[in-house]
Structure formats: structure tokens, C-alpha cells
Enquirer: 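First the structure, then my questions, so here it is.
All values below come from the heavy atoms of this structure, side chains included, with hydrogens, waters and symmetry mates left out. Below, chains carry the letters A, B, ... as their sequence lines are ordered, and counting in each starts from 1.
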Amino acid sequence: MRRPARKRLKWGHAFVTVYLAIYLVFVLFPIVWLVLGSLKSRYEALLVPPKLLFRPTFLAFDKILSGGLLHVFGNSLSIGLANVALAMLLGIPAAYGLSRMRGAARDNIAFWILSIRMAPAFGLVIPIYALMRGLHLLDTLPAVIVAHLTINLPLAVWLLLSYFDELPEDMEEAALIDGASRMQALTRVILPLSGPMLVAVALLVFVFSWNEFLFAFILTSSRAQTVPALIASLAGTMNFDWPLMSAISVAALVPAFIVVFLAQRSITEGLTMGAIK
Amino acid sequence: MAFLQRLGRFPASFVLPAVLVLAAIVAFPTVYLLYLSLRHWVIIEPLRYFDGVGNFARVLRSPDFWNSARVTFLYIVSTSMATLVLGMGLALSLNRTFFLRGVVRALVVLPLLIPPIVSGFAWKFLLNREIGVLGSYLLPAIGVKASLLADPHLALFSVVIADMWSRTSFMFLILIAALQSIPAELYEAARIDGASVLQEFRHVTLPLLVPAIVIGLIFRSIEAVNTFDLIYVMTQGGPGTATMTLSIYGWKVAFTSFDIGRGAAIAVMMLIATVVGTTALIRRIRR
Amino acid sequence: MRTTVRRIVLMLAVALTGLAMAQTEIRVISFSQGFAFPDLFGTSGTEKTDILKQFEQANDIKVAIEWGDEASVRQKVLTDLISGGGRYDVILLGSDGAVQTYGYAGFLEPLESYLATGDYDQYIDMNDVFPSIKEANTVDGHLYGLSYYAFGPGIIYRTDLFQKYGVEVPTTIPELETALQQLKDGLAKDGITDVYPLTMRGAPGEEPTLDLAGFVYAMVGYPAWFEGGAVTPDQIRESKAKPIFTGDFKPGFAEFVKLAREYGPPGIATHTWVDMMNIYSQGKAAVLLPSAINGYAALTSTENTTVLDNSDFAPIVVGPTGKPVESFWSFSFGINKASKHKADAMKVLAFLTGERSLQEFANRTQWPSVPFESVMKSQVLVDKWGAEEVALNAEAMANANPKYFPYIPELSDFMDRIGTAASKAISTGDVDGALNDLQAWALQRMQLAGYYK
């Protein structure tokens, strides 16, 4: 539904435009600098004032392709996707169940799930390492996937829980009365109304796994190395290849940008309550 | 028997898988962490023994711990508030459709896609007072001549800026998803009642966003407590100890002083503090 | 029936042969992916070059390597060592804490007995190694590490700036101060605000301590950390030597802080070696000391012709006692005591740190920071820097005293504390406050460790 135009909208628009413009400059300045750096030599990349006209060199990107570093991207991708799948598979039912639960049990369980996220990472390093070692899971993707779940699942559950709480129960109840099972109520009534939040959760889970460093590093060696671990190991001692670090980040950014662009289209108004009323 | 039957029913059967999986993963590590915190275990010392609260007492007596606690508190509050405000502004601005909205939204999320260690180095190089594009070239041109990374009063500020840059999109995503699910009818009703933009925000939008805001703040704060790479790379916790947060301090205790027991104690204390803080926050919102 | 039996026999035969041919896998952990051993693991650090494959085949060993940044590798190594897992056979050690801590804690395998057998002579000639290198890797009489590359002290400076402002190359600390002051005045008079007389590192943590300890050593002529200059746990226990951070340690500490504050760039309190390298590389500093390797790193990555054409190496200045401002660090490798294949690990270790490996290093980086005399004086380095400069570097390396700080298990802790105190002192100017805190902490630390019972 379109809203009638109003004078106050003009001020609103002006403010919004200015705000976005400033914020975009803030966001893009380092990124543009990063991209330029990946195309320069080590010396040029950090030169001040930066040369805006320069002959780009693709040496850094070459290193990625020729250096057999592609499997690292593959690892990160697998871990991210697996986490999204598992977080959704386990988190959606859990959030729905908690949402429709009554009483103290709901608050307690929900809080317990949240508390899993609260343990500081550096404290868990040695214990989780010991656990994975005991299970002979070191340097495998499952070890990292599982470790990440302890962070992603609480986030997914809580975000979805808060969202499901806001959905009125009449529609489900109507479906249940009509003979649907709870699972059907979930998949046929609730989920279609949850587009934006599902997308947001999927993105956040993926991004977290993609960027997570500590566990991904401690639990892996070379076979299951991830992108952040690779970048960190380039921060060598007595050696610092900034163009390569930038290039790897940029190489990871491009597909991610496309994914986000496509995904965010699902986060639009009118997909939810408005449609059903 | 009846219990098992109940377990197979909604909602237990829906919630159980997630709970079991999480419990299975963290059970051993949590117990082991607690165990470590009660032990005196310093790598370079041959003796290991049960120490009860010895580690905790030593940590509480250490001025470094309190300094780190203070720094961490300032850090969490600043970055959570900042990302909340910025993220809210973004979510509100990008709520309505306009040309290129999709592109802008995707651009805005970009910093989140860059590993914190790269963000840390990027900001370290940019803010560098001697050879940074911002620190030595653009900022001095507008009168900012301080060394942003080495001035004890400004270092924390710089680290917060970098963190804000990196993490605002997290808040943005949570808020915009919540924002998009506010039914248009509510805005209609408000407008019919003659509400101004601000009133609309205060009485329609904000109340419905509260759950998302709370979750965002909680997760953002927990993330802030765990931030290591970004700060370590930018300032090493310095100058001196001006930006030494608890995560850096705890890491140093465990891996530089090789005091595993004390490191575990710090982790346990941080966990307790987070639990207490979060409970308090949630209670306040629930009132 | 017969075909089944035959098939089974065949399968068994294949399996047994496979078992017989099962290679020992030696796992190495290191930092500087792409920089360390590219001749073996490629510039990505994940390949296997022909040179490596030849070695593997000749010795029936499979070499696997893992990488990380320094902080993370330390975490990983420690996690492995304390779990006794023996996951890593060959471990990267730094001579500023790891060698000492792991050595004293019994996590490392002593290497002398292996080397004495002569079995590894084809890879490494211990007589060619600078004595200082051996010394740096020796803890409590045992050799625990072999160096990949190492650096000694030195000064890298801008000859053009020295000439312009009539500055003479300093040989003592007072001369250094004069030189820096001349530079500072000259630059100010010319209105140059973005070039600084000196670049050093003052970030919290262990980095500045390497350099700072050198000043301490030079100012009073001995490692003034504990009473009487005790440098080993036994010495400290015997004489119950208390820390003297507010005593003889102070002159060197104060000097370091003073130079940093007065002649260093504004951001020095959080500068690491990366900053030193970048600043010098972009021509923003006139002098870089005492860890000259960072200057060489700058020189081999810069494209600033002014810097390239006008940089020179000078021996490090000496203190009032005639002792130099030391700065010594070695990127060493050792063997995990819990390793299940120590002899093979030793082979890999010797291969990684032998002359061949270091010659490749020299050819590639052209840094005169190699542990072998023959490699230091090899043609490629002489061509790059000139015979004289190479000789100076060789001398600096040969004459360096790596034990200019104590070799105790708690070293890592001290290095971190001292560096952080320096960073604080540099940013606030409060030298006494920092030293008082340091002294209080050190006393308690040593008492807790049971030294004074």
C-alpha cells in the first residue's frame, strides 16, 4: 500500500539521504583502500599520500590462484553452509517450541541456551581442544562446525524465538483445529511468514562462521584451514604481505557481496503480517 | 513411561534436539574449564595441585585485572551503544524502498564480511599517525593531530571506532528484519490518529523493536567481550594497558605467563559476570 | 573358492606392502606462511616442491607443515605440549621466551647428542654456525634449538640526512643522543614535520623488551635484571638474587624511554616491528635501531629510491661500559620431547635449518641475518651490501651476546611485563612509576615461583 505524500517526508528524506551518504563513506573508505591495496605492491599499498593513479598488479591474486589456496575458501564455505543448515534445522523447531511453551521452563531453557554463548573463547580453547583431540576430530571440518554451533545456535534460537513470539497464534490454532500436526503448523503457517528473520539469521550465522578465527585455528592444521586462519598466518614475523592479505579478503568479499545482495531482497516489507491480514 | 510420551510431544520434542546437541558439545569443556580454574597449573612449574579459590583470589588481587575489567566495561558499553544507534539509523533509513536500496543494503553489510584481523590491520594502517592515510594525511589536515593509536586517552576510542565499523551491520541485520515485520496497518492507524514521525517511532516502532534491540545488545556485548584480534592487532592492548581488555589479559595470563589455572579462573569469572549482567538486563526489560 | 583365496592373498600382500612402505609423518609448526621455506612449501606454504619431495623420498619421511601467526602458533603449541599429545614433532621457538620456557619445562628434546653422531652433517655443519647462535639456543647446558634466521644488533641510517645536517655516525650512546638531537633540530629548522630522527618499537608486550634489554645491558655492562647479574635459575636461587628493576635496570630503561619520547615518532607507544619497517621504508625516519633486521626488511621492500640509495649499516653503539646495545633474536626450531619419531624429526630439523636452506633464504631476502658464517659471507649478500657491510654484520652476529637477558623459565612473562611497562612509560612519561610497578610485580612473581625459599 502506498502512503500519501506529505511535506514532512521531505525532511525525513533529506535526513535519511545525508545519514546514508555519510555512513557509506565511513563504510566504503577502508574497503576501497583495501581493494586498492590488493592491487599494489607492498610498498605502494601503504604509501601516503596514496597513489590514485597506479599500475595495478595482480600478483597478490595470482598467489591465491596458483598457490593452492583455493581449498581454504572451500573449507570456509563448507563450514559456513553446514552451520546455516544445522542452525536452522535445530534452531527453528527449538525456537518455535520455546515460543509456544508456557511457564518457567521456557525462560530457563532459553537462558541456558544463551549462556552457552557466554563463555569467553580463550577459556574454552584448551577444553575444546582436549575434547576434539579425545574424539580424534582434530583438523576436520566437523570439529570446527560443531564448535561454531555453540555460538550460532544460541543466536539463531533467540532471534527466531523473539520473532515467533510476535506472531499471533490464531493462524496456527486454526490449522491445528483443521487437523494439521505441529510440524505442519510450523512449516506451512509460521515459516512462510518468517522470511526476513530467517534470511537475517542465515546471513548472521554464515558470516560468523566465515569470520571465526580462534576455534577454526586451534582445531585445524592444514587440511581444514579456513580463510581467517590463512590470513592470520600471513601476518608473519619479519614478513608482512599486506597486498596478499587484502587480496584474500577482497576475493572473499565479492561472492559474499553477491550473496548478501540477493538475500537482502527477501528482507522487504509486506512479506509478513501485512499480507495475511 | 508417561514422561517419555511427553518427551515425544510438542513442545519438548521440538526443543530437545537443539538442547541435546548443545549439551553434548559443551558438557565436557565446561566441566573441564571449571576443573582447570580450581587447579594450580603453571606450565613451568612441576607441581600441580588443587588450589580451590586460590586462582580466583590472586586474580581479584591483581590491579591488572581491575584495569582490564574497567577497560572492558567501557569498551562494551561504547561499542554496543554506538552500533545500536548507528544500526538503528541504518535500519530506519533502509526500511523504505528507494532506487538502489538493495545495493546500499549489501554495501552496508560489507564490513561484517571482512575477518576482524583484516579490519584490525586496515584500521591500524589507516589511523597510523606517521604513515596512515587517515592518521597522517587526512585527519591532521582537519586539525586532528593526535596519535590515535598511541595516545592513552584516544586509543580506546580508536579501537571502538574500528569495532563499530566492523560490527554495526550485525545490529542492522537484526533490526531491519524485525522492522520489516511490523505490519503496515499499525503505521496507518497511527497516521490516521495524527501522529508525527517521532511519535510514530516512539509509540509504534520502538516498542515492537524492543525484543530485537535487547537480543542485539546482548549478543553484541558478548561478542565485544570476546573481541581479541581486532584490538590486539591495532594496539597490542596498549599503549601500556590502555586497551587491554579482559580477553587480551586472560589470553596473556594463559599463554604468556603460562598460568593455565589462573587463565581459566579469569574465564570463569567473565562467564559469571556475563550471566549476571545479562540476567539483570533481561529482567529490566521484562518489567 | 580358489579365486577367493587368491584374491584374499593378493589383498593381504598389497596391504602388507603398504604397511611396510608406510612413511613416518613429521609434523612441523611454524609461522610466516609463504615467507618461511618457500623453496620447500611454495609461496603459498601449502605445496610440496621438488626439493622437498626429493628429501622425503630419500629419507622415507613425509613432512607436513602447519602455519599461523606468532600469537596463535604459541597457543597451539602450548595446547599441544600440555596435553602431551606429541602432535607436533618440530616446533617453532623464539629465543625470547619459548626456548627458555619449554626448555626448562622439559618439553624439548636436547639436540647435542643427535648432532654429535655426525648423522646430520650432510644437512648442517655446526662449526659453520656462529657461536652466538648456538648460545642463544642453549638452555641449562642443552642445545634445544637450531636457527632458521636470526638477527643481531645494528643501526640502519639515512646517509643523506646525516650529511645534510652534518651528523656523524655515533659509536656511543651519548654520541647517539647528539646525533638524534642534531637531526631533530635540523628537521625542525627545515620545517619537515613528517620525518622523525628515530624509529623504534614501543608496543606493549615482548617486542620492545628485546631492544630495551639491550640498552639495560649497555648502560651498566651486565644483564641488570637480578642482583649480581644472575641469569640462570640456579644462580638466582643460590644467591637469592632479587629483581633490581628500580636499581641498575633503570638507566637502560630510562634511556630507552627517553630516546623514544624525544626522538621517536608520536605513535611509538604502540609501534611494532611492522611499523618500524613501514616508517623507515617510506623515508619517515633517519635512524632505525637496534634491531637492524627490520631496517633490512624495509630496504628490501621499499620502492623509495631516496631511501634505497642512501641507507647504510653501522655497528650498534656502546654504553659507558663499552658493552654494546644488544638486540638478538632467533627464529629457531626444536623437537617436541613427546614426538614419536625423534630421529626422523631431527633429520627434518637439520634439513630445515641447514646451510642449503639458509642460502636459499639469503638469496631470496638478501638479509644479512643468517646463522652460518659461510652464508653470511656468500656472494649474493656481498654483491648486495658490499663486502664491508657484510663483514660488519658478521662481526655483530659473531660477537653478540644473546644472553643479555636472563634465561629463566619465567622469561616470557618478564618480557611481556617489561615491554608493557615501557609502553606505559613512553606514553605517560612516568619512568619511576612504571619501574616501581614492575619491581613489585617481579618480586612477587619470583617469590611465587619459589626462588627465595
Enquirer: To the nearest 0.5 angstrom, please state how far the CD1 atom of I272(B) sits from the OG atom of S115(A).
Expert: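 These two atoms lie 12.0 Å from each other.
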Enquirer: Considering only heavy atoms, which portion of F26(A) lies under 4.5 Å from any heavy atom of chain B: side chain, backbone, both, or neither?
Expert: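 Contact with chain B is through both the backbone and side chain of F26(A).
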Enquirer: Using 0.5 Å steps for rounding, measure from the CG atom of N226(B) to the CG atom of L124(A).
Expert: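 The CG atom of N226(B) sits 8.5 Å away from the CG atom of L124(A).
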Enquirer: Under the 3.5 angstrom rule, does the side chain of N211(A) hit a backbone N or O of P116(B) as a donor-acceptor pair?
Expert: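 No, because the side chain of N211(A) does not come within donor-acceptor range (under 3.5 Å) of the backbone of P116(B).
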Enquirer: Top residue by heavy-atom pair count (under 4.5 Å) with chain A, among L186(B), L179(B), I215(B)?
Expert: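 Of L186(B), L179(B), I215(B), I215(B) has the most heavy-atom pairs under 4.5 Å with chain A.
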Enquirer: Which atom pair, heavy atoms only, marks the closest approach of P49(A) to Y137(B)?
Expert: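 P49(A) and Y137(B) have their closest heavy atoms at CB-CZ, 3.4 Å.
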Enquirer: Evaluate the criterion side chain to side chain contact (heavy atoms under 4.5 Å, CB included) for residue pair I128(A) and F28(B); output intermediate values, then yes/no.
Expert: CA-CA 8 Å; I128(A) 289 202; F28(B) 171 74; over 6 Å; no
Enquirer: In terms of heavy-atom proximity below 4.5 Å to chain A, should F170(B) be classed as side chain, backbone, both, or neither?
Expert: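 For F170(B), backbone and side chain are both near chain A.
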Enquirer: Check whether E130(B) gets within reach of chain A through its side chain, its backbone, both or neither, counting any heavy atom under 4.5 Å.
Expert: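 Interface part for E130(B): neither.
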Enquirer: Flag the one option from A177(B), S166(B), G216(B), A254(B) with the top tally of heavy-atom pairs under 4.5 Å to chain A.
Expert: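 If we count pairs closer than 4.5 Å to chain A, A177(B) comes out on top.
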Enquirer: Give, as side chain, backbone, both or neither, the part of T279(B) having an atom under 4.5 angstrom from any heavy atom of chain A.
Expert: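 Both backbone and side chain.
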Enquirer: Does any heavy atom of chain A fall under 4.5 Å from the side chain of L92(B), the backbone, both, or neither of them?
Expert: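 For L92(B), there is no contact with chain A at all, as no heavy atom is under 4.5 Å.
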Enquirer: Among G263(B), G89(B), P17(B), S119(B), which residue forms the greatest number of heavy-atom pairs with chain A at distances under 4.5 Å?
Expert: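 So the answer, after comparing G263(B), G89(B), P17(B), S119(B), is G89(B).
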Enquirer: Non-hydrogen atoms of chain A under 4.5 Å away: do they reach the side chain of V225(B), the backbone, both or neither?
Expert: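 Neither part.
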Enquirer: Please classify the contact of V207(A) with chain B as side chain, backbone, both or neither, using a heavy-atom distance under 4.5 Å.
Expert: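 It is the side chain, since no backbone atom gets that close.
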Enquirer: Relative to chain B, which segment of L86(A) carries a heavy atom at a distance below 4.5 Å: side chain, backbone, both, or neither?
Expert: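 Nothing of L86(A), per the 4.5 Å heavy-atom cut-off to chain B.
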Enquirer: What part of I116(A) gets within 4.5 angstrom of chain B, counting heavy atoms only: side chain, backbone, both, or neither?
Expert: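 When you check distances to chain B, only side chain atoms of I116(A) fall under 4.5 Å.
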Enquirer: Can you name the closest pair of heavy atoms from L34(A) and A122(B) and give their distance?
Expert: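 Minimum heavy-atom contact is CD1-CB, 4.5 Å.
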Enquirer: I want to check something: taking the side chain as every heavy atom from C-beta on, are F121(B) and I231(A) in contact at a cut-off of under 4.5 Å?
Expert: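 A side-chain contact under 4.5 Å is absent here.
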Enquirer: At what distance, to the nearest 0.5 angstrom, does CD of Q264(A) lie from CD of Q180(B)?
Expert: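 If I round to the nearest 0.5 Å, the distance is 9.5 Å.
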Enquirer: Side chain, backbone, both or neither: which part of F111(A) has a non-hydrogen atom closer than 4.5 Å to chain B?
Expert: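 The side chain, not the backbone.
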Enquirer: Heavy-atom cut-off 4.5 Å, strictly under: side chain, backbone, both or neither for A23(B) against chain A?
Expert: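 The answer is both parts of A23(B).
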Enquirer: For L246(B), is it the side chain, the backbone, both, or neither that has a heavy atom closer than 4.5 Å to a heavy atom of chain A?
Expert: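 The backbone, not the side chain.
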Enquirer: Using the rule given for ring pair (Phe, Tyr, Trp, His ring centres under 6.0 Å), can you reason through F240(A) versus F125(B), listing the C-alpha separation, both sets of side-chain angles and the distance that settles it, and then say yes or no?
Expert: CA-CA 13 Å; F240(A) 201 82; F125(B) 290 140; 5.6 Å; yes
Enquirer: Can you establish whether the number of heavy atoms outside F98(B) located under 6.0 Å from its atom CZ is more than 12?
Expert: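 Counting neighbours around CZ of F98(B), more than 12 heavy atoms of other residues, nucleotides or ligands fall under 6.0 Å, so yes.
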Enquirer: Give, as side chain, backbone, both or neither, the part of F228(B) having an atom under 4.5 angstrom from any heavy atom of chain A.
Expert: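 Contact with chain A: none, neither part.
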Enquirer: At a 4.5 Å cut-off on heavy atoms, which part of V21(B) comes close to chain A: side chain, backbone, both, or neither?
Expert: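 Just the side chain, heavy atoms under 4.5 Å.
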Enquirer: What's the shortest heavy-atom distance between E166(A) and L208(B), and which atoms?
Expert: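 For E166(A) and L208(B), the tightest heavy-atom pair comes out as OE1-CD2, 4.0 Å.
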Enquirer: Can you tell me which portion of L173(B) sits under 4.5 Å from chain A's heavy atoms? Options are side chain, backbone, both or neither.
Expert: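 Both backbone and side chain.
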Enquirer: Which bit of V26(B) is near chain A, if near means a heavy-atom gap under 4.5 Å: side chain, backbone, both or neither?
Expert: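 When you check distances to chain A, only side chain atoms of V26(B) fall under 4.5 Å.
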Enquirer: Please look at V103(B) and chain A and tell me whether the side chain, the backbone, both or neither of the residue comes under 4.5 angstrom of a heavy atom of that chain.
Expert: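 When you check distances to chain A, atoms from both the backbone and side chain of V103(B) fall under 4.5 Å.
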Enquirer: Going by the rule ring-ring contact (aromatic ring centres under 6.0 Å, His included), which residues pair with Y249(B) if we only count those two or more places apart in sequence or in a different chain?
Expert: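 Y249(B) satisfies ring-ring contact (aromatic ring centres under 6.0 Å, His included) with no residue once adjacent residues are dropped.
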Enquirer: Considering only heavy atoms, which portion of T150(A) lies under 4.5 Å from any heavy atom of chain B: side chain, backbone, both, or neither?
Expert: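 Both backbone and side chain.
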